[in-house]
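Here's the structure we're looking at; comments come further down.
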Amino acid sequence: MVADTSPHITAIFEMEIDRKLDKYEAEVLKTRTRQLAAKIGSTPLSIYMVALSECGLDPFRIRDDGTAASWIQFTTIGLDGLGVSLAEVKNMCYRRDIVGIMDLTDRYILRAAGTTPLPRPCDAYTAVFAPAYIGKPNDFVLYSGWDNPKYFKNAPALDGFYIADGLIL
């Protein structure tokens, strides 16, 4: 199986963004995503793929249980050191403050990446989900064990799926 990284696929993601946002919000989000992708050695498509798994491409989404919000689903732990609380992020979502959300996304991703390029969707996802593991070898196990409380089970599109004998692929 070969992943399609054509401009057409990026355009399809952007059409979905256009459906969810007004014209101004969509243009800010797409422009800022292109700029962030260039800064981290990635593509807008990689970032869109992460955002699809995190918020369904809705940068104003607040998770049903209230523990995460925005474009990359910021959590209290993820916001540590950024000078912004989860309540403030939620307020950005309520106000539809796309500039504030994209500013925060840039700060978070750039902090996570440091000087390490993030060319693949899995690299961009690692920056969001497990930034301490950026730059580790491809065969490095991020998390293991179904019963491990740190194990992440909520994004099957990127985290894999359960198969026999407790394996996650």
Side-chain angles (χ1 to χ4, degrees), residues 3-7 9-10 13-14 17 25-63 67-93 97-145 148-160 168-169:
D4 186 343
T5 58
S6 70
I9 298 301
T10 300
F13 273 87
E14 291 182 345
I17 289 165
E25 294 164 345
E27 191 54 40
V28 169
L29 187 140
K30 291 184 284 187
T31 298
R32 294 293 298 274
T33 298
R34 285 190 294 273
Q35 292 169 345
L36 176 59
K39 290 176 191 173
I40 62 172
S42 192
T43 65
L45 180 58
S46 288
I47 295 170
Y48 293 153
M49 292 170 101
V50 173
L52 178 65
S53 74
E54 292 294 317
C55 69
L57 297 176
D58 177 359
F60 307 118
R61 184 176 186 290
I62 298 172
R63 204 165 103 173
T67 61
S70 186
W71 186 230
I72 60 170
Q73 292 293 283
F74 292 104
T75 62
T76 300
I77 293 169
L79 291 166
D80 189 38
L82 291 174
V84 178
S85 70
L86 182 56
E88 290 170 303
V89 174
K90 289 178 186 178
N91 282 331
M92 285 185 216
C93 293
D97 178 3
I98 192 65
V99 172
I101 286 169
M102 295 312 292
D103 285 348
L104 187 57
T105 299
D106 280 5
R107 288 176 42 216
Y108 180 89
I109 298 290
L110 292 171
R111 176 183 75 175
T115 59
T116 304
L118 306 174
R120 304 170 300 173
C122 63
D123 299 321
Y125 189 64
T126 300
V128 171
F129 165 62
Y133 298 102
I134 290 175
K136 299 289 186 197
N138 285 339
D139 62 351
F140 187 86
V141 176
L142 298 182
Y143 296 99
S144 65
N148 181 342
K150 292 184 178 181
Y151 191 85
F152 192 77
K153 304 175 185 96
N154 295 323
L158 289 169
D159 295 335
I168 304 295
L169 299 178

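The figures here come from the full heavy-atom set of this structure, side chains too, leaving out hydrogens, waters and symmetry mates.
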Under 3.5 Å donor-acceptor, T76 side chain and L86 backbone: no
CD-CD1 distance between Q35 and I40, expressed to the nearest 0.5 angstrom: 12.5 Å
Heavy-atom closest pair, residues A68 and T75: CB-CG2, 4.0 Å
Minimal non-hydrogen separation, V50 against P121, with atom names: CG2-O, 3.8 Å
Distance-minimising heavy-atom pair for A127 and I109: CB-CD1, 4.2 Å
Side-chain heavy atoms of D123 within contact of S46, under 4.5 Å: no
Y48 and W71 aromatic ring geometry - parallel, tilted or perpendicular at 30°/60° bounds: perpendicular
Residue pair E88, L79: steps toward the side chain to side chain contact (heavy atoms under 4.5 Å, CB included) verdict: CA-CA 10 Å; E88 290 170 303; L79 291 166; over 6 Å; no
Distance in Å, T43 OG1 paired with I9 CD1, rounded so as to fall on 0.5 Å steps: 12.0 Å
Euclidean distance, K39 NZ relative to L118 CG, rounded to 0.5 Å: 13.5 Å
M92 and V84, any side-chain heavy atoms less than 4.5 Å apart: yes
Gap separating the CZ atom of F60 from the SG atom of C55, nearest 0.5 angstrom: 10.0 Å
Spacing of S70 atom OG and D58 atom CG [to the nearest 0.5 Å]: 9.0 Å
Candidate pair R111 and L82, rule side chain to side chain contact (heavy atoms under 4.5 Å, CB included), full reasoning: CA-CA 9 Å; R111 176 183 75 175; L82 291 174; 3.6 Å; yes
Qualifying residue for side-chain contact (heavy atoms from CB on, under 4.5 Å) with V128, from I47, I72, T105: I72
Spacing of CD belonging to E54 relative to CZ belonging to R61, to within rounding of 0.5 Å: 10.0 Å
For M102 against T33, the heavy-atom pair lying closest together: CE-OG1, 3.6 Å
N/O donor-acceptor pair under 3.5 Å between E25 side chain and I17 backbone: no
